[in-house]
Novice: 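Can you keep this structure in mind? I'll have questions shortly.
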Amino acid sequence: MSSGSETPKAGLRVVRESAPFRGRQGHLYRPAISAEAVGSAALHMQLLEIPPGERAHAHKHESHETAIYVLSGVSGCFWGEQLEHHAIAGAGEFVYIAADVPHLPYNRSRTEPVTAVIARTDPNEQESVVLLPDLEHGVDWSKADE
């Protein structure tokens, strides 16, 4: 592998940790594999952190599937056409979100962050994100305590 001082060659890239950014949906991301970072044509992968007590904005990924592996913490997620469903995922669990499914993830803890690896079929970091603010007022937050 490269020591990091060489110019990357086509075909393989080692991506070092980079500065986090806040995505349109409100999450804190550390970009890794994407069209922007490495020229990926069909895959996007990054590290997500949801700080204690934070939540995202309701959104969907237009025409793109998402796979998530939770490294640490416990996340809740409202999902469905009206965010009527609720799921919980913790460290060591995988989550699949089908293309075009509205969702609103949040961190269930007030003290511990959630850290997860996210992979998406959209190679661009934010291109397929569609915010759905009209869905947020109808969220039944009492489900978050279940």
Side-chain angles (χ1 to χ4, degrees), residues 4 8-146:
K9 307 267 189 287
L12 188 142
R13 291 277 305 271
V14 174
V15 179
R16 307 280 188 259
E17 187 172 328
S18 58
F21 75 94
R22 208 148 303 252
R24 284 187 286 203
Q25 62 272 56
H27 287 314
L28 190 61
Y29 293 109
R30 291 190 183 275
I33 308 302
S34 66
E36 295 85 353
V38 300
S40 174
L43 179 67
H44 173 199
M45 183 180 223
Q46 61 193 8
L47 193 61
L48 159 73
E49 181 176 322
I50 306 175
E54 275 199 18
R55 69 175 185 87
H57 302 296
H59 66 283
K60 67 179 182 177
H61 298 278
E62 196 167 55
S63 303
H64 292 283
E65 297 173 296
T66 301
I68 302 167
Y69 179 72
V70 183
L71 295 168
S72 63
V74 179
S75 176
C77 187
F78 290 93
W79 64 278
E81 289 306 312
Q82 297 301 311
L83 302 177
E84 68 274 19
H85 305 294
H86 184 255
I88 298 170
E93 296 182 304
F94 290 89
V95 177
Y96 168 76
I97 303 171
D100 298 304
V101 171
H103 54 286
L104 190 163
Y106 66 96
N107 184 340
R108 291 177 57 90
S109 174
R110 300 274 178 228
T111 58
E112 301 295 323
V114 170
T115 305
V117 175
I118 294 183
R120 194 171 300 119
T121 57
D122 178 1
N124 300 290
E125 291 173 2
Q126 292 280 291
E127 190 169 298
S128 71
V129 175
V130 176
L131 295 177
L132 303 167
D134 293 344
L135 295 182
E136 293 186 26
H137 71 279
V139 172
D140 181 359
W141 284 99
S142 70
K143 291 181 180 179
D145 296 327
E146 296 175 351

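When a residue number appears, it is its place in the shown sequence, counting from 1.
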Novice: With a 4.5 Å heavy-atom cut-off, do Leu104 and Leu135 have their side chains touching?
Specialist: no

Novice: Keeping to residues at least two apart or across chains, list the ring-ring contact (aromatic ring centres under 6.0 Å, His included) pairs with something in residues 107-133.
Specialist: none

Novice: Could you pull out the closest heavy-atom pair between Ala42 and Pro123, with the gap in Å?
Specialist: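 Scanning both residues completely, I find the closest heavy atoms to be N-CB, 3.8 Å.
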
Novice: Tell me every residue that passes side-chain hydrogen bond (donor to acceptor under 3.5 Å, both in side chains) with Thr121, counting only those two or more places apart in sequence or in another chain.
Specialist: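 Applying side-chain hydrogen bond (donor to acceptor under 3.5 Å, both in side chains) to Thr121 gives His64.
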
Novice: Any chance you could measure Cys77, atom SG, to Ile68, atom CD1, to the nearest 0.5 Å?
Specialist: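 Reported to 0.5 Å precision, the distance equals 7.0 Å.
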
Novice: Using side-chain heavy atoms (C-beta onward) and a distance below 4.5 Å, is Asp122 in contact with Val129?
Specialist: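 Of all side-chain heavy-atom pairs linking Val129 with Asp122, none is under 4.5 Å.
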
Novice: Using every non-hydrogen atom in the two residues, find where Pro113 and Pro52 come nearest and quote the distance to one decimal.
Specialist: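 Answer, listing the atom of Pro113 first, then Pro52: N-CG, 3.9 Å.
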
Novice: I'd like to check the salt bridge (Lys or Arg N to Asp or Glu O under 4.0 Å) partners of Glu136; sequence neighbours left out, ordered by chain and number.
Specialist: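 Glu136 satisfies salt bridge (Lys or Arg N to Asp or Glu O under 4.0 Å) with Arg55 only.
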
Novice: What side-chain donor-acceptor pairs closer than 3.5 Å can you find for residues 90-99, not counting sequence neighbours?
Specialist:
residue: Glu93; atom: OE1; partner: Gly90; partner atom: N; Å: 2.6
residue: Tyr96; atom: OH; partner: Glu65; partner atom: OE2; Å: 2.4

Novice: Return each pair, listed once, that meets salt bridge (Lys or Arg N to Asp or Glu O under 4.0 Å) where at least one residue sits in residues 41-54; pairs must be two or more places apart or across chains.
Specialist: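 Those involving residues 41-54 are Arg22-Glu54.
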
Novice: Enumerate, atom names and distances included, each donor-acceptor pair closer than 3.5 Å involving a side-chain atom of residues 81-88, sequence neighbours excluded.
Specialist:
residue: Glu84; atom: OE1; partner: Glu81; partner atom: N; Å: 3.4
residue: Glu84; atom: OE1; partner: Gln82; partner atom: N; Å: 2.7
residue: His86; atom: NE2; partner: Tyr106; partner atom: OH; Å: 2.6

Novice: Which atom pairs, donor and acceptor, lie under 3.5 Å between side-chain atoms of residues 29-38 and protein residues at least two apart or in another chain?
Specialist:
residue: Tyr29; atom: OH; partner: Gln25; partner atom: NE2; Å: 2.7
residue: Arg30; atom: NH1; partner: Glu17; partner atom: OE2; Å: 3.4
residue: Arg30; atom: NH1; partner: Ser18; partner atom: O; Å: 2.9
residue: Ser34; atom: OG; partner: Glu36; partner atom: N; Å: 3.3
residue: Ser34; atom: OG; partner: Glu36; partner atom: OE1; Å: 3.3
residue: Ser34; atom: OG; partner: Ala37; partner atom: N; Å: 3.0
residue: Ser34; atom: OG; partner: Glu125; partner atom: OE2; Å: 3.0
residue: Glu36; atom: OE1; partner: Glu125; partner atom: N; Å: 3.2
residue: Glu36; atom: OE2; partner: Glu125; partner atom: N; Å: 3.4

Novice: Just to verify, what does His59 make a side-chain hydrogen bond (donor to acceptor under 3.5 Å, both in side chains) with, not counting sequence neighbours?
Specialist: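 His61, His103.
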
Novice: Please list, chain by chain and in numerical order, all residues satisfying side-chain hydrogen bond (donor to acceptor under 3.5 Å, both in side chains) with Asp100, sequence neighbours excluded.
Specialist: none

Novice: Roughly how far, to the nearest 0.5 Å, is the CZ atom of Phe21 from the CG atom of Leu28?
Specialist: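 Reported value, rounded in 0.5 Å steps: 9.0 Å.
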
Novice: How would you list, by chain and number, every residue that makes a salt bridge (Lys or Arg N to Asp or Glu O under 4.0 Å) with Arg108, sequence neighbours excluded?
Specialist: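 Applying salt bridge (Lys or Arg N to Asp or Glu O under 4.0 Å) to Arg108 gives none.
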
Novice: Applying side-chain contact (heavy atoms from CB on, under 4.5 Å), name anything that partners Ser109, two or more places apart in sequence or on another chain.
Specialist: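 Testing Ser109 for side-chain contact (heavy atoms from CB on, under 4.5 Å), a comparison that skips the adjacent residues, returns Asn107, Thr111, Glu112.
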
Novice: Name all residues meeting the salt bridge (Lys or Arg N to Asp or Glu O under 4.0 Å) criterion together with Arg110; count only those two or more places apart in sequence or in a different chain, and write none if there are none.
Specialist: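 Arg110: no salt bridge (Lys or Arg N to Asp or Glu O under 4.0 Å) contacts found.
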
Novice: Side-chain contact, heavy-atom cut-off 4.5 Å: Ser128 with His44?
Specialist: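 Counting from C-beta outward, Ser128 and His44 never come under 4.5 Å.
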
